[in-house]
Structures are given as C-alpha cells and as structure tokens.
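Since the structure comes first, as structure tokens, the remarks are kept for the end.
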Amino acid sequence: MDTPIASRALATEAVHAGRDDLARQGLHAPPIDLSTTYPSYDSRGEAARIDAFAATGAEPDGAPVYARLGNPTVARFETALARLEGTESAVAFASGMAALSAVLLVRGSMGLRHVVAVRPLYGCSDHLLTAGLLGSEVTWTDPAGIADALRPDTGLVMVESPANPTLAELDLRAVAHACGSVPLLADNTFATPVLQRPAEQGARLVLHSATKYLGGHGDVMAGVVACDEEFARRLRQVRFATGGVLHPLAGYLLLRGLSTLPVRVRAASANAAELARRLAADPRVARVHYPRIGGAMIAFEVTGDPHAVIGGVRLITPAVSLGSVDTLIQHPASISHRIVDADDRRGAGVSDRLLRMSVGLEDVDDLWADLDRALGERVSPPQQRTAAARG
Ligand SMILES: *Cc1c(COP(=O)(O)O)cnc(C)c1O
C-alpha cells in the first residue's frame with residue numbers, strides 16, 4: 001500500500017506509516033472499511049486470485065475477496081507496525097493469544113511441534129504451551145540451556161524480555177545466536193518498538209499483545225506478529241483458515257494508537273522510573289524489579305499483604321492487563337499467572353508477594369500518594385515495637 005521510505009525516524013513512522021497514500025487520495029484520517037465481502041463481476045479473475053492466495057499467502061492485489069482474507073484498514077496497521085519493528089511484514093489477529101496460536105499452527109503444520117521456551121512468559125502463553133492445546137510439546141529451559149534443548153523437530157524458541165510479570169531481561173542477541181536456524185519468537189509487548197526492536201537482534205518473529213501499549217487506551221483487543229514476508233504468508237494462510245481476524249474498527253484504533261506510542265511510552269516510563277526509585281527506598285517494599293531498558297512496567301514484592309494493597313488503591317485501577325494511559329495494578333499469583341501451576345510459577349520467580357503495576361500518564365505525585373496510602377502503615381521494626389509496648 002505504501003512506498004517504503006527508508007531512514008525515517010521512529011517518531012515520524014509512528015504518525016505516517018500506513019498513511020502515506022492518504023493525502024494523494026484527498027483524505028486525512030484513514031478510512032474504515034467494514035465490508036465483509038467485495039463485489040466482482042469477473043469470477044474467473046476471482047478464481048485466479050483465490051488460487052494465488054491459497055498457493056502463496058501473498059495479500060491479493062486489489063480488493064480482498066472476503067474479509068477473512070484481508071482488510072484494507074487492518075492492512076494499514078500491519079504496514080505501520082512492520083515499519084516500527086523494522087520487519088518486512090506484519091500480520092494482525094483478534095488477540096495476542098490468537099497471534100501466538102497462529103505461529104504454533106504454522107510450525108505444527110510443518111511437522112515441527114517441539115517448542116523450547118524460557119520462563120516466565122505471560123500466564124496464558126505458558127498455559128498454551130504446557131497444556132499442549134495445539135499439539136505442541138514444550139521444553140522449558142534457561143537461556144544458557146537453549147542450544148542443548150533443540151531437537152530435529154524443534155519449530156520455535158519462545159522468550160519474553162522484559163518478561164511478564166517479573167520484568168526479567170534476556171540478551172536477545174545471544175538467545176538468537178543459540179537458536180541457530182530455529183526461529184526465535186520474542187514477545188515484545190512490554191518493551192514496544194520504542195524501547196527495543198528484537199528483529200534487529202536476530203528474532204525472526206516479534207509478537208505483540210496489541211491490546212496493551214499499541215492500542216494504549218484499554219479499549220481494543222488485538223495481537224500482531226511482525227516478521228519476514230515468507231513467514232507472514234504462512235500466517236495469513238492460517239488466519240484465513242482458522243478465522244482469528246482483527247476487526248477493522250480495532251485496526252483503525254490501533255493505527256491511531258501507534259501515532260502516540262513513542263510519546264506515551266516515554267512519558268509513562270519517566271513516571272515508572274520515578275515510582276521504582278521511591279518504592280526501592282521504602283521499607284514496606286522488599287524488592288523492586290525495573291528493567292535496565294526502562295519502560296512503564298514495575299514489579300515489586302511487598303513485605304506485607306499484597307491483597308491489602310490491591311484492595312487499598314483508589315486512583316490506580318486494580319485490574320489485569322497493561323499498557324493503558326491510566327495506571328493499573330494486579331497480583332500475578334491471583335490473576336495474570338493464576339493458570340500457571342504454583343510450583344512452576346514460583347520457580348519462574350513469581351513470588352506470592354509480587355505485584356505488577358502498569359504505570360500510566362497521571363501526575364507522578366498523585367500516583368505515589370495513592371500507592372503510599374495503599375501500602376499501609378509503615379510498620380516500625382520489631383525491637384522498637386516491643387520497646388514501645390513495654391513503655
Ligand atoms: C496480554 C499478553 C499476551 C496475550 O495477549 P491478549 O491480547 O490478551 O490475547 C501475550 N503476551 C504478553 C506479554 C501479554 O502481556
């Protein structure tokens with residue numbers, strides 16, 4: 001749809017990619033195409049287009065035949081996200097889990113059912129692999145064990161960095177090297193292309209829950225895989241056959257979300273860095289996890305009851321999900337990672353006292369005031385308490 005324009009900065013791509021044809025068409029906002037079907041008086045021509053799609057998975061020239069094959073509004077978002085991640089293509093899905101499912105189905109259909117993965121992953125990604133719902137078999141390992149875990153039928157290596165919910169970071173370049181010719185899938189939901197572009201470090205597949213930062217306002221559910229065109233073609237064929245398509249209105253909202261992504265991520269990250277600093281200095285907090293690359297996510301372990309903190313917030317919203325303009329907090333052991341077996345969860349560093357906070361764009365002092373109240377009384381050390389009781 002667009003002529004690729006080399007060497008535009010990320011901030012420029014964020015507001016222009018996927019929209020480069022609009023001015024020539026006399027438009028400013030991108031049109032939303034809600035068609036489920038597309039008329040054609042040339043059924044021989046349609047037959048040829050369907051054959052071409054079935055054979056190659058390349059996007060049909062001209063209008064789609066049927067909305068499950070593609071949608072022009074969604075295609076604008078795909079073009080823009082590929083540009084931001086520095087990949088040839090991107091394929092959008094109805095959710096992050098639909099996107100991951102499509103990747104597993106592509107590899108499984110090639111007889112490559114074995115997946116090597118590093119914990120922690122997002123709870124439902126862990127569950128999908130562990131339960132083998134799509135016929136995959138997983139070997140969990142640490143980054144140093146990846147090369148040894150590879151088998152002839154390994155179709156995928158999957159990692160998250162920074163990981164959900166502990167914010168553990170990996171050296172993606174080293175991980176990609178350990179994968180050899182096996183595709184590395186890096187879930188880049190937390191970092192976004194603003195902070196990290198895994199394809200530049202050797203990841204063949206970059207996955208996003210676009211529900212999070214790409215949409216950015218807590219009102220659209222979506223997933224996307226940024227990758228080379230060869231893999232994208234297989235993903236489009238799976239999407240066509242299994243139906244996990246993204247709705248055009250969601251495609252519109254995502255394209256709109258991308259235009260403010262760099263500004264949102266930088267502003268929220270500045271808030272998060274400041275809150276991480278204050279939490280680290282607070283005696284009610286045992287440990288703070290904040291990534292070296294920055295970002296708007298914080299994880300911290302409280303010395304007291306994490307459920308009391310969730311029950312105590314007023315400005316901050318106690319809710320799962322992340323990446324919205326407003327601040328959300330949740331208890332991974334109860335919610336986002338509940339579906340992971342408790343031993344596996346703890347083994348991955350997800351302590352029962354861990355809270356995960358997605359920092360938004362509010363004033364940082366207002367956020368701190370709310371957290372400070374929710375953390376409860378600053379309990380004095382035991383000796384002092386005893387002394388006070390005696391006195
Ligand atoms: C939320 C999330 C997912 C799943 O995405 P959905 O859009 O909820 O299906 C995958 N990976 C990470 C890191 C997530 O945070």
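First listed ligand is number 1; within each ligand, the first listed atom is number 1.
- Every N/O-N/O distance between Phe190 and ligand 1 stays at or above 3.5 Å.
- Listed by atom number, the atoms of ligand 1 under 4.0 Å from Ala222 heavy atoms are 7 (O).
- The nearest protein atom to atom 1 (C) of ligand 1, hydrogens excluded, is given as Lys212 NZ, 1.5 Å; this is a heavy-atom distance.
- Of the N or O atoms in Asn164, one or more lie within a sub-3.5 Å distance of an N or O in ligand 1.
- The neighbour count for Arg234 CZ, taken as heavy atoms of other residues, nucleotides or ligands under 6.0 Å away, does not exceed 12.
- A heavy-atom separation below 4.0 Å is not found between Ala99 and ligand 1.
- Considering backbone and side-chain atoms alike, Met97 places an N or O below 3.5 Å from some N or O of ligand 1.
- Salt bridge absent: Arg173 and Glu200 never bring a charged side-chain N and a carboxylate O closer than 4.0 Å.
- Between the side chains of Thr327 and Glu362, at least one donor N or O sits under 3.5 Å from an acceptor N or O.
- If you check which protein heavy atom lies closest to atom 11 (N) of ligand 1, you get Asp187 OD2, 2.7 Å.
- Here the heavy atom of the protein found nearest to atom 8 (O) of ligand 1 is Met221 CE, 3.8 Å.
- Applying the 4.0 Å criterion to heavy atoms of Glu160 picks out, from ligand 1, the atoms 13 (C).
- Looking at Arg197 and Glu85, no side-chain N of the basic residue comes within less than 4.0 Å of a carboxylate O on the acidic one, giving no salt bridge.
- Of the charged side-chain nitrogens involved, at least one lies within less than 4.0 Å of a carboxylate oxygen, so that Glu137 and Arg151 count as a salt-bridged pair.
- Residue contacts with ligand 1, taken as heavy atom pairs separated by less than 4.0 Å, do not involve Ser321 at all.
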For this session: Might you work through the ring pair (Phe, Tyr, Trp, His ring centres under 6.0 Å) test for Tyr38 and Tyr66, ending with a clear yes or no?
Result: CA-CA 6 Å; Tyr38 293 84; Tyr66 183 59; 8.9 Å; no

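- Taking 4.0 Å as the cut-off between side-chain N and carboxylate O, Asp142 and Arg119 do not count as a salt-bridged pair.
- Here the straight-line distance linking atom CD1 of Ile293 with atom OG of Ser161 works out to 6.5 Å at 0.5 Å rounding.
- Remark: ligand 1 and Tyr122 share no N or O pair separated by less than 3.5 Å (distance only, no angle test).
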